[in-house]
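First the structure, which I've put down as C-alpha coordinates, then a few questions once you've had a look.
The chains referred to below are lettered A, B, ... by the order of the sequence lines, with proteins before strands, and numbering in each begins at 1.
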Number of protein chains: 2
Amino acid sequence: MAARGKSARRKPAVRKATRPGTVASNVDLGSLPAALGYLLRRAQVAVFADFIATLDGVGLRPGQYSVLIVIEGNPGLSQRELCAALDIQEANFVPMMNGLVRRGLAQRRPSPADHRRYALHLTARGAALLRRARALHRSHEARLVARLGTRGRAALTRLLQALANL
Amino acid sequence: MAARGKSARRKPAVRKATRPGTVASNVDLGSLPAALGYLLRRAQVAVFADFIATLDGVGLRPGQYSVLIVIEGNPGLSQRELCAALDIQEANFVPMMNGLVRRGLAQRRPSPADHRRYALHLTARGAALLRRARALHRSHEARLVARLGTRGRAALTRLLQALANL
DNA sequence: TATTGTTATACTCTATAACTATA
DNA sequence: TATAGTTATAGAGTATAACAATA
(Lines give C-alpha, C1' and ligand atoms only; values in the text may rest on other atoms or scores of the structure.)
Protein backbone atom coordinates (compact mmCIF):
# COMPACT_ATOMS: atom_id res chain seq x y z
CA MET A 1 0.00 0.00 0.00
CA ALA A 2 1.09 3.52 -0.66
CA ALA A 3 2.07 5.42 2.40
CA ARG A 4 1.06 8.75 1.00
CA GLY A 5 -1.97 10.13 -0.61
CA LYS A 6 -2.52 9.62 -4.28
CA SER A 7 -1.63 13.16 -5.15
CA ALA A 8 1.71 13.24 -3.47
CA ARG A 9 3.52 16.04 -5.15
CA ARG A 10 6.60 16.16 -3.08
CA LYS A 11 9.41 13.88 -3.75
CA PRO A 12 10.36 11.95 -0.66
CA ALA A 13 14.03 12.03 0.06
CA VAL A 14 15.61 9.01 -1.53
CA ARG A 15 13.01 6.44 -0.61
CA LYS A 16 15.20 3.44 -0.45
CA ALA A 17 13.02 2.15 2.32
CA THR A 18 11.82 -0.72 0.23
CA ARG A 19 11.80 -4.15 1.73
CA PRO A 20 12.10 -7.12 -0.53
CA GLY A 21 8.76 -7.55 -2.17
CA THR A 22 7.38 -4.23 -1.06
CA VAL A 23 7.73 -1.42 -3.51
CA ALA A 24 7.40 1.94 -1.87
CA SER A 25 6.18 3.72 -4.94
CA ASN A 26 4.31 6.95 -5.07
CA VAL A 27 3.48 6.12 -8.65
CA ASP A 28 -0.16 6.69 -9.50
CA LEU A 29 -1.58 3.58 -11.14
CA GLY A 30 -4.72 5.44 -12.15
CA SER A 31 -7.61 3.18 -13.02
CA LEU A 32 -5.53 -0.01 -13.01
CA PRO A 33 -6.18 -1.07 -9.41
CA ALA A 34 -9.88 -0.96 -10.25
CA ALA A 35 -9.54 -2.94 -13.47
CA LEU A 36 -10.65 -6.53 -13.05
CA GLY A 37 -8.21 -7.83 -15.65
CA TYR A 38 -5.33 -6.19 -13.81
CA LEU A 39 -6.41 -7.56 -10.44
CA LEU A 40 -7.10 -10.97 -11.91
CA ARG A 41 -3.65 -11.11 -13.46
CA ARG A 42 -1.86 -10.00 -10.30
CA ALA A 43 -3.77 -12.50 -8.21
CA GLN A 44 -3.20 -15.32 -10.68
CA VAL A 45 0.53 -14.67 -10.82
CA ALA A 46 0.80 -14.55 -7.02
CA VAL A 47 -1.25 -17.72 -6.54
CA PHE A 48 0.68 -19.57 -9.24
CA ALA A 49 3.98 -18.51 -7.69
CA ASP A 50 2.87 -19.99 -4.38
CA PHE A 51 1.60 -23.14 -6.07
CA ILE A 52 4.81 -23.62 -8.04
CA ALA A 53 6.96 -23.11 -4.96
CA THR A 54 4.75 -25.49 -2.97
CA LEU A 55 4.96 -28.28 -5.55
CA ASP A 56 8.60 -27.73 -6.33
CA GLY A 57 9.57 -30.76 -4.30
CA VAL A 58 7.59 -33.12 -6.53
CA GLY A 59 8.77 -31.38 -9.68
CA LEU A 60 5.34 -30.62 -11.07
CA ARG A 61 4.28 -27.44 -12.79
CA PRO A 62 0.61 -26.42 -12.74
CA GLY A 63 -0.05 -27.83 -16.20
CA GLN A 64 1.60 -31.15 -15.41
CA TYR A 65 -0.33 -31.45 -12.16
CA SER A 66 -3.63 -30.87 -13.91
CA VAL A 67 -2.76 -33.42 -16.61
CA LEU A 68 -1.90 -36.10 -14.06
CA ILE A 69 -5.16 -35.47 -12.21
CA VAL A 70 -7.21 -35.84 -15.38
CA ILE A 71 -5.39 -39.00 -16.47
CA GLU A 72 -5.91 -40.52 -13.06
CA GLY A 73 -9.59 -39.68 -13.09
CA ASN A 74 -10.09 -40.91 -16.67
CA PRO A 75 -7.79 -43.84 -17.35
CA GLY A 76 -7.65 -44.78 -21.01
CA LEU A 77 -8.43 -41.24 -22.17
CA SER A 78 -6.99 -40.20 -25.53
CA GLN A 79 -4.65 -37.27 -25.94
CA ARG A 80 -7.23 -35.33 -27.89
CA GLU A 81 -9.89 -35.83 -25.25
CA LEU A 82 -7.55 -34.74 -22.51
CA CYS A 83 -6.43 -31.69 -24.48
CA ALA A 84 -10.02 -30.69 -25.18
CA ALA A 85 -10.90 -30.99 -21.50
CA LEU A 86 -7.99 -28.85 -20.33
CA ASP A 87 -7.85 -26.46 -23.30
CA ILE A 88 -4.35 -27.53 -24.26
CA GLN A 89 -3.20 -27.44 -27.87
CA GLU A 90 -2.56 -31.01 -28.96
CA ALA A 91 0.74 -30.02 -30.52
CA ASN A 92 1.88 -28.58 -27.20
CA PHE A 93 0.76 -31.60 -25.25
CA VAL A 94 3.15 -33.98 -27.02
CA PRO A 95 6.42 -32.77 -25.46
CA MET A 96 4.70 -32.37 -22.11
CA MET A 97 3.43 -35.95 -22.18
CA ASN A 98 6.86 -37.08 -23.36
CA GLY A 99 8.30 -35.61 -20.19
CA LEU A 100 5.80 -37.41 -17.98
CA VAL A 101 6.52 -40.68 -19.79
CA ARG A 102 10.28 -40.16 -19.53
CA ARG A 103 9.94 -39.66 -15.79
CA GLY A 104 7.91 -42.85 -15.53
CA LEU A 105 4.81 -41.06 -14.29
CA ALA A 106 2.42 -41.82 -17.16
CA GLN A 107 2.09 -44.19 -20.09
CA ARG A 108 0.79 -44.16 -23.64
CA ARG A 109 -0.79 -47.57 -24.20
CA PRO A 110 -1.91 -48.62 -27.66
CA SER A 111 -5.67 -48.46 -28.01
CA PRO A 112 -6.82 -51.94 -29.14
CA ALA A 113 -9.90 -50.79 -31.01
CA ASP A 114 -8.39 -47.77 -32.77
CA HIS A 115 -4.74 -47.89 -33.69
CA ARG A 116 -4.56 -44.16 -34.12
CA ARG A 117 -5.27 -43.47 -30.49
CA TYR A 118 -3.32 -43.83 -27.30
CA ALA A 119 -4.91 -44.80 -24.02
CA LEU A 120 -3.33 -42.64 -21.34
CA HIS A 121 -2.64 -44.11 -17.92
CA LEU A 122 -0.74 -43.25 -14.78
CA THR A 123 2.01 -45.57 -13.66
CA ALA A 124 2.18 -46.69 -10.04
CA ARG A 125 4.94 -44.18 -9.61
CA GLY A 126 2.80 -41.46 -11.17
CA ALA A 127 -0.07 -42.28 -8.83
CA ALA A 128 2.27 -42.20 -5.84
CA LEU A 129 3.73 -38.85 -6.88
CA LEU A 130 0.24 -37.48 -7.42
CA ARG A 131 -0.67 -38.45 -3.86
CA ARG A 132 2.24 -36.39 -2.56
CA ALA A 133 1.37 -33.56 -4.93
CA ARG A 134 -2.24 -33.54 -3.74
CA ALA A 135 -1.10 -33.19 -0.15
CA LEU A 136 1.08 -30.24 -1.11
CA HIS A 137 -1.77 -28.76 -3.10
CA ARG A 138 -4.02 -28.99 -0.04
CA SER A 139 -1.49 -27.02 2.00
CA HIS A 140 -1.41 -24.41 -0.77
CA GLU A 141 -5.19 -24.13 -0.76
CA ALA A 142 -5.18 -23.87 3.02
CA ARG A 143 -2.89 -20.88 2.71
CA LEU A 144 -5.35 -19.24 0.35
CA VAL A 145 -8.28 -19.91 2.66
CA ALA A 146 -6.30 -18.27 5.45
CA ARG A 147 -6.32 -15.15 3.30
CA LEU A 148 -9.88 -15.32 2.08
CA GLY A 149 -11.83 -17.06 4.80
CA THR A 150 -14.02 -20.04 4.04
CA ARG A 151 -16.87 -17.81 3.07
CA GLY A 152 -14.64 -15.66 0.88
CA ARG A 153 -13.26 -18.71 -0.84
CA ALA A 154 -16.75 -19.90 -1.74
CA ALA A 155 -17.67 -16.46 -3.03
CA LEU A 156 -14.49 -16.22 -5.07
CA THR A 157 -15.10 -19.63 -6.61
CA ARG A 158 -18.56 -18.61 -7.73
CA LEU A 159 -17.38 -15.30 -9.16
CA LEU A 160 -14.48 -16.82 -11.05
CA GLN A 161 -16.74 -19.46 -12.54
CA ALA A 162 -18.99 -16.70 -13.78
CA LEU A 163 -16.03 -15.24 -15.67
CA ALA A 164 -14.41 -18.46 -16.81
CA ASN A 165 -16.37 -18.90 -20.02
CA LEU A 166 -16.96 -15.30 -20.90
CA MET B 1 -14.39 -15.62 -27.65
CA ALA B 2 -17.56 -14.14 -29.01
CA ALA B 3 -20.59 -15.03 -27.03
CA ARG B 4 -22.71 -17.60 -28.65
CA GLY B 5 -26.34 -17.12 -29.43
CA LYS B 6 -27.36 -20.25 -27.63
CA SER B 7 -27.94 -18.65 -24.31
CA ALA B 8 -29.91 -21.36 -22.55
CA ARG B 9 -29.59 -20.76 -18.85
CA ARG B 10 -30.83 -24.29 -18.61
CA LYS B 11 -29.78 -27.11 -16.41
CA PRO B 12 -27.67 -29.44 -18.45
CA ALA B 13 -29.73 -32.57 -18.18
CA VAL B 14 -27.11 -35.02 -19.30
CA ARG B 15 -24.80 -33.97 -22.03
CA LYS B 16 -24.47 -30.70 -23.80
CA ALA B 17 -24.20 -30.79 -27.52
CA THR B 18 -20.85 -30.07 -29.05
CA ARG B 19 -20.66 -26.59 -30.38
CA PRO B 20 -17.48 -25.13 -31.71
CA GLY B 21 -15.63 -24.02 -28.67
CA THR B 22 -17.63 -26.14 -26.33
CA VAL B 23 -16.21 -29.55 -25.82
CA ALA B 24 -18.74 -32.19 -25.06
CA SER B 25 -16.58 -33.80 -22.50
CA ASN B 26 -17.65 -36.36 -20.02
CA VAL B 27 -14.11 -36.07 -18.77
CA ASP B 28 -13.84 -35.98 -15.01
CA LEU B 29 -11.70 -33.02 -13.97
CA GLY B 30 -11.53 -34.27 -10.42
CA SER B 31 -10.47 -31.65 -7.92
CA LEU B 32 -9.48 -29.09 -10.55
CA PRO B 33 -12.78 -27.19 -10.73
CA ALA B 34 -12.42 -26.62 -6.99
CA ALA B 35 -8.81 -25.49 -7.18
CA LEU B 36 -8.48 -21.72 -6.90
CA GLY B 37 -5.40 -21.60 -9.08
CA TYR B 38 -7.22 -23.42 -11.85
CA LEU B 39 -10.28 -21.18 -11.62
CA LEU B 40 -8.14 -18.08 -11.40
CA ARG B 41 -6.24 -19.06 -14.50
CA ARG B 42 -9.34 -19.89 -16.53
CA ALA B 43 -10.99 -16.63 -15.52
CA GLN B 44 -7.88 -14.61 -16.25
CA VAL B 45 -7.48 -16.13 -19.69
CA ALA B 46 -11.14 -15.53 -20.54
CA VAL B 47 -11.11 -11.94 -19.28
CA PHE B 48 -7.84 -11.17 -21.08
CA ALA B 49 -9.20 -12.65 -24.29
CA ASP B 50 -12.19 -10.33 -24.08
CA PHE B 51 -9.99 -7.37 -23.21
CA ILE B 52 -7.61 -8.06 -26.09
CA ALA B 53 -10.46 -8.45 -28.56
CA THR B 54 -12.10 -5.28 -27.25
CA LEU B 55 -8.94 -3.19 -27.60
CA ASP B 56 -7.88 -4.75 -30.88
CA GLY B 57 -9.05 -1.67 -32.77
CA VAL B 58 -6.58 0.59 -30.98
CA GLY B 59 -3.79 -1.97 -31.26
CA LEU B 60 -2.99 -2.14 -27.56
CA ARG B 61 -2.18 -5.26 -25.59
CA PRO B 62 -2.89 -5.34 -21.84
CA GLY B 63 0.71 -4.54 -20.96
CA GLN B 64 0.88 -1.62 -23.36
CA TYR B 65 -2.40 -0.23 -22.09
CA SER B 66 -1.20 -0.34 -18.49
CA VAL B 67 2.07 1.35 -19.43
CA LEU B 68 0.31 4.20 -21.23
CA ILE B 69 -1.98 4.72 -18.26
CA VAL B 70 0.93 4.94 -15.84
CA ILE B 71 2.91 7.29 -18.08
CA GLU B 72 -0.10 9.55 -18.43
CA GLY B 73 -0.68 9.60 -14.68
CA ASN B 74 3.00 10.18 -13.92
CA PRO B 75 4.57 12.29 -16.63
CA GLY B 76 8.34 12.41 -16.40
CA LEU B 77 8.57 9.03 -14.70
CA SER B 78 11.75 7.06 -15.32
CA GLN B 79 11.78 3.63 -16.89
CA ARG B 80 12.91 2.01 -13.65
CA GLU B 81 10.17 3.65 -11.65
CA LEU B 82 7.53 2.58 -14.12
CA CYS B 83 8.87 -0.95 -14.23
CA ALA B 84 8.90 -1.19 -10.45
CA ALA B 85 5.31 0.03 -10.26
CA LEU B 86 4.05 -2.48 -12.82
CA ASP B 87 6.37 -5.37 -11.97
CA ILE B 88 7.97 -5.36 -15.40
CA GLN B 89 11.57 -6.41 -15.89
CA GLU B 90 13.51 -3.37 -17.09
CA ALA B 91 15.20 -5.40 -19.79
CA ASN B 92 11.80 -6.43 -21.14
CA PHE B 93 10.46 -2.91 -21.02
CA VAL B 94 12.98 -1.57 -23.52
CA PRO B 95 11.58 -3.20 -26.68
CA MET B 96 8.04 -2.52 -25.50
CA MET B 97 8.75 1.17 -25.01
CA ASN B 98 10.55 1.20 -28.37
CA GLY B 99 7.30 0.04 -29.95
CA LEU B 100 5.29 2.81 -28.28
CA VAL B 101 7.87 5.38 -29.39
CA ARG B 102 7.93 4.02 -32.93
CA ARG B 103 4.15 4.38 -33.10
CA GLY B 104 4.39 7.95 -31.88
CA LEU B 105 2.43 7.24 -28.70
CA ALA B 106 5.10 7.96 -26.12
CA GLN B 107 8.44 9.73 -25.80
CA ARG B 108 11.73 9.32 -23.98
CA ARG B 109 12.85 12.84 -23.08
CA PRO B 110 16.27 13.45 -21.64
CA SER B 111 16.16 14.13 -17.94
CA PRO B 112 17.89 17.50 -17.37
CA ALA B 113 19.07 16.79 -13.86
CA ASP B 114 20.24 13.22 -14.37
CA HIS B 115 21.61 12.27 -17.74
CA ARG B 116 21.22 8.59 -17.05
CA ARG B 117 17.46 8.78 -16.86
CA TYR B 118 14.70 9.29 -19.35
CA ALA B 119 11.59 11.23 -18.55
CA LEU B 120 8.67 9.32 -20.05
CA HIS B 121 5.79 11.22 -21.57
CA LEU B 122 2.77 10.57 -23.73
CA THR B 123 2.53 12.33 -27.05
CA ALA B 124 -0.69 14.07 -28.03
CA ARG B 125 -1.38 11.11 -30.25
CA GLY B 126 -0.73 8.73 -27.35
CA ALA B 127 -3.13 10.65 -25.13
CA ALA B 128 -5.77 10.59 -27.85
CA LEU B 129 -5.37 6.87 -28.39
CA LEU B 130 -5.57 6.30 -24.66
CA ARG B 131 -8.88 8.12 -24.55
CA ARG B 132 -10.27 5.74 -27.14
CA ALA B 133 -8.73 2.79 -25.32
CA ARG B 134 -10.29 3.86 -22.05
CA ALA B 135 -13.72 3.97 -23.63
CA LEU B 136 -13.22 0.46 -24.97
CA HIS B 137 -11.95 -0.66 -21.60
CA ARG B 138 -15.09 0.68 -19.98
CA SER B 139 -17.24 -1.38 -22.33
CA HIS B 140 -15.17 -4.41 -21.43
CA GLU B 141 -15.66 -3.79 -17.73
CA ALA B 142 -19.37 -3.28 -18.28
CA ARG B 143 -19.50 -6.75 -19.83
CA LEU B 144 -17.87 -8.17 -16.73
CA VAL B 145 -20.27 -6.38 -14.42
CA ALA B 146 -23.12 -7.86 -16.44
CA ARG B 147 -21.76 -11.25 -15.45
CA LEU B 148 -20.95 -10.49 -11.84
CA GLY B 149 -23.39 -7.82 -10.76
CA THR B 150 -22.23 -4.62 -9.13
CA ARG B 151 -22.12 -6.29 -5.76
CA GLY B 152 -20.26 -9.28 -7.14
CA ARG B 153 -17.71 -7.04 -8.78
CA ALA B 154 -16.98 -5.29 -5.52
CA ALA B 155 -16.63 -8.60 -3.73
CA LEU B 156 -14.35 -9.98 -6.42
CA THR B 157 -12.15 -6.90 -6.27
CA ARG B 158 -11.69 -7.29 -2.54
CA LEU B 159 -10.95 -11.02 -2.78
CA LEU B 160 -8.44 -10.61 -5.59
CA GLN B 161 -6.64 -7.87 -3.70
CA ALA B 162 -6.33 -10.24 -0.76
CA LEU B 163 -4.52 -12.71 -3.02
CA ALA B 164 -2.49 -10.26 -5.07
CA ASN B 165 0.47 -9.99 -2.72
CA LEU B 166 0.41 -13.45 -1.26
C1' DT C 1 30.94 2.35 -6.60
C1' DA C 2 26.13 2.57 -7.67
C1' DT C 3 22.46 3.51 -10.85
C1' DT C 4 19.99 3.80 -15.52
C1' DG C 5 19.21 1.95 -19.51
C1' DT C 6 20.48 -1.57 -22.85
C1' DT C 7 21.78 -5.98 -25.23
C1' DA C 8 21.82 -10.73 -25.50
C1' DT C 9 20.00 -14.85 -24.24
C1' DA C 10 17.05 -18.46 -22.64
C1' DC C 11 13.07 -20.66 -21.06
C1' DT C 12 8.00 -21.15 -20.75
C1' DC C 13 3.54 -20.91 -22.74
C1' DT C 14 0.78 -20.58 -26.56
C1' DA C 15 -0.75 -20.83 -31.53
C1' DT C 16 -0.79 -22.66 -36.43
C1' DA C 17 0.39 -25.24 -40.49
C1' DA C 18 1.80 -29.39 -42.38
C1' DC C 19 2.95 -33.97 -42.11
C1' DT C 20 2.10 -39.60 -40.92
C1' DA C 21 -0.57 -43.36 -40.09
C1' DT C 22 -4.64 -45.07 -39.38
C1' DA C 23 -9.87 -45.15 -39.87
C1' DT D 1 -12.09 -37.95 -46.34
C1' DA D 2 -11.65 -37.51 -41.60
C1' DT D 3 -9.22 -38.37 -37.26
C1' DA D 4 -5.12 -39.01 -33.81
C1' DG D 5 -0.86 -37.86 -33.08
C1' DT D 6 3.41 -35.53 -34.38
C1' DT D 7 6.84 -32.08 -36.00
C1' DA D 8 8.42 -27.61 -36.83
C1' DT D 9 8.05 -23.04 -36.03
C1' DA D 10 6.77 -18.57 -34.47
C1' DG D 11 5.13 -15.36 -31.23
C1' DA D 12 4.34 -13.56 -26.79
C1' DG D 13 5.82 -13.15 -21.89
C1' DT D 14 9.27 -13.54 -18.45
C1' DA D 15 13.94 -14.07 -16.24
C1' DT D 16 19.09 -13.22 -15.57
C1' DA D 17 23.83 -11.70 -16.65
C1' DA D 18 26.72 -8.39 -18.44
C1' DC D 19 27.78 -4.06 -20.44
C1' DA D 20 28.21 1.39 -21.37
C1' DA D 21 27.22 5.85 -19.89
C1' DT D 22 26.49 8.60 -16.09
C1' DA D 23 26.20 9.77 -11.18
Side-chain angles (χ1 to χ4, degrees), chain A residues 14-16 18 37-38 40-42 44-46 48-49 51-53 55-56 59-67 76-102 106-120, chain B residues 1 18 21 23-24 37-38 41-42 44-46 48-49 51-53 55-56 59-67 71 76-101 106-120:
Chain A
V14 190
R15 41 172 172 61
K16 191 118 40 163
T18 60
Y38 178 79
L40 221 30
R41 177 79 179 132
R42 304 284 290 214
Q44 185 256 306
V45 166
F48 263 49
F51 179 92
I52 290 169
L55 269 77
D56 183 60
L60 291 181
R61 307 269 311 171
Q64 298 172 314
Y65 179 69
S66 66
V67 163
L77 203 67
S78 76
Q79 295 194 172
R80 296 200 81 167
E81 289 166 332
L82 183 147
C83 287
L86 285 178
D87 257 329
I88 301 174
Q89 298 296 319
E90 296 153 36
N92 298 331
F93 178 72
V94 174
M96 182 179 173
M97 183 67 192
N98 289 345
L100 298 176
V101 169
R102 206 178 310 117
Q107 293 176 320
R108 286 181 175 107
R109 297 190 195 156
S111 191
D114 189 334
H115 288 190
R116 293 171 305 182
R117 298 164 52 106
Y118 286 130
L120 304 182
Chain B
M1 307 303 163
T18 312
V23 184
Y38 178 79
R41 177 78 178 135
R42 304 286 289 215
Q44 185 256 305
V45 167
F48 262 49
F51 179 92
I52 291 168
L55 270 76
D56 182 60
L60 291 181
R61 307 269 311 170
Q64 298 171 316
Y65 178 69
S66 65
V67 164
I71 295 178
L77 203 67
S78 76
Q79 294 194 170
R80 296 200 81 168
E81 289 166 332
L82 184 147
C83 287
L86 286 178
D87 256 332
I88 300 174
Q89 298 297 317
E90 295 154 37
N92 298 331
F93 179 72
V94 175
M96 183 179 173
M97 183 67 192
N98 288 345
L100 297 176
V101 170
Q107 293 177 321
R108 287 182 176 105
R109 297 192 196 153
S111 192
D114 188 335
H115 289 190
R116 294 171 304 182
R117 298 164 52 110
Y118 287 130
L120 304 182

For this session: For A:Arg117, answer base if it contacts any base atom (sugar-phosphate contacts may also be present), sugar-phosphate if it contacts only those atoms, and nothing otherwise; contact means non-hydrogen atoms under 4.0 Å.
Result: sugar-phosphate
For this session: Specify the separation, in whole Å, of atom CG of A:Asp87 and atom P of C:dT16.
Result: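 So the CG-P distance, A:Asp87 to C:dT16, works out to 12 Å.
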Problem set entry | Gap between atom CZ of A:Arg41 and atom CZ of B:Phe51 - 0.5 Å precision | 13.0 Å
Problem set entry | Interatomic distance, A:Ile52 CD1 vs D:dA15 P [rounded to whole Å] | 10 Å
Seminar exercise, completed: Letter by letter from the 5' end, nucleotides 17-23 of chain C scores (B base, S sugar-phosphate only, - none; protein heavy atoms under 4.0 Å) B----BS
Exercise. Do A:Gln64 and A:Leu55 pass the side chain to side chain contact (heavy atoms under 4.5 Å, CB included) test, and can you show the C-alpha distance, the side-chain angles, and the key distance before you say yes or no?
Worked result: CA-CA 11 Å; A:Gln64 298 172 314; A:Leu55 269 77; over 6 Å; no
Exercise. A:Glu81 CD to D:dA4 P: how many Å, rounded?
Worked result: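 In whole Å, D:dA4 P and A:Glu81 CD are 8 Å from each other.
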Exercise. Roughly how far, to the nearest 0.5 Å, is OG of A:Ser78 from CG of A:Asp114?
Worked result: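 Atom-to-atom, A:Asp114:CG and A:Ser78:OG are 9.0 Å apart.
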Seminar exercise, completed: A:Leu120 CG to D:dA4 C1', in whole Å, measures 11 Å
For this session: To the nearest Å, give me how far apart CD (A:Gln89) and C1' (D:dG11) are.
Result: 13 Å
Exercise. Reckon A:Tyr118 touches a base, only the sugar-phosphate, or nothing at all at heavy-atom distances under 4.0 Å?
Worked result: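 Contact class for A:Tyr118: sugar-phosphate only.
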For this session: Would you give the length of the straight line joining atom OH of B:Tyr38 to atom CG of A:Leu86, rounded to the nearest 0.5 angstrom?
Result: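 Here the rounded value is 5.5 Å.
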For this session: Name the closest nucleotide to the B:Glu90 side chain, picking from D:dG13, C:dT6, D:dA4.
Result: C:dT6
For this session: Could you check how far CZ of A:Arg41 sits from P of D:dA12, rounded to whole Å?
Result: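 In whole Å, D:dA12 P and A:Arg41 CZ are 15 Å from each other.
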For this session: Take A:Arg80 and A:Val45, find for each the nucleotide of DNA chain D with the closest heavy atom, and name the residue whose nucleotide sits nearer the 5' end.
Result: A:Arg80
Exercise. How long is the span from the CZ atom in B:Phe93 to the CE atom in B:Met96, to the nearest 0.5 Å?
Worked result: 6.5 Å
Problem set entry | Side-chain N,O (B:Arg108) to OP1/OP2 (C:dT6) below 4.0 Å |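 For C:dT6, OP1/OP2 do have a side-chain N/O of B:Arg108 under 4.0 Å.
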For this session: With heavy atoms under 4.0 Å as the rule, sort A:Ser111 into base, sugar-phosphate or nothing.
Result: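 Contact class for A:Ser111: none.
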Exercise. Of the non-hydrogen atoms in B:Met97 and B:Leu120, which two are nearest, and what is the gap between them?
Worked result: CE-CD2, 3.7 Å
Exercise. When all nucleic acid strands are considered with a 4.0 Å heavy-atom cut-off, which category describes B:Gln79: base, sugar-phosphate, or nothing?
Worked result: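 Counting heavy atoms under 4.0 Å across all strands, the contact made by B:Gln79 is with sugar-phosphate only.
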Exercise. Are any non-hydrogen side-chain atoms of B:Arg108 and B:Asn98 less than 4.5 angstrom apart?
Worked result: yes
Exercise. Could you give the CD-to-C1' distance, from A:Gln64 to C:dC11, as a whole number of Å?
Worked result: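 That distance rounds to 14 Å.
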For this session: Figure out the CD1/P separation between B:Ile88 and C:dT4, and round it to whole Å.
Result: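 Interatomic distance, CD1 of B:Ile88 to P of C:dT4: 16 Å.
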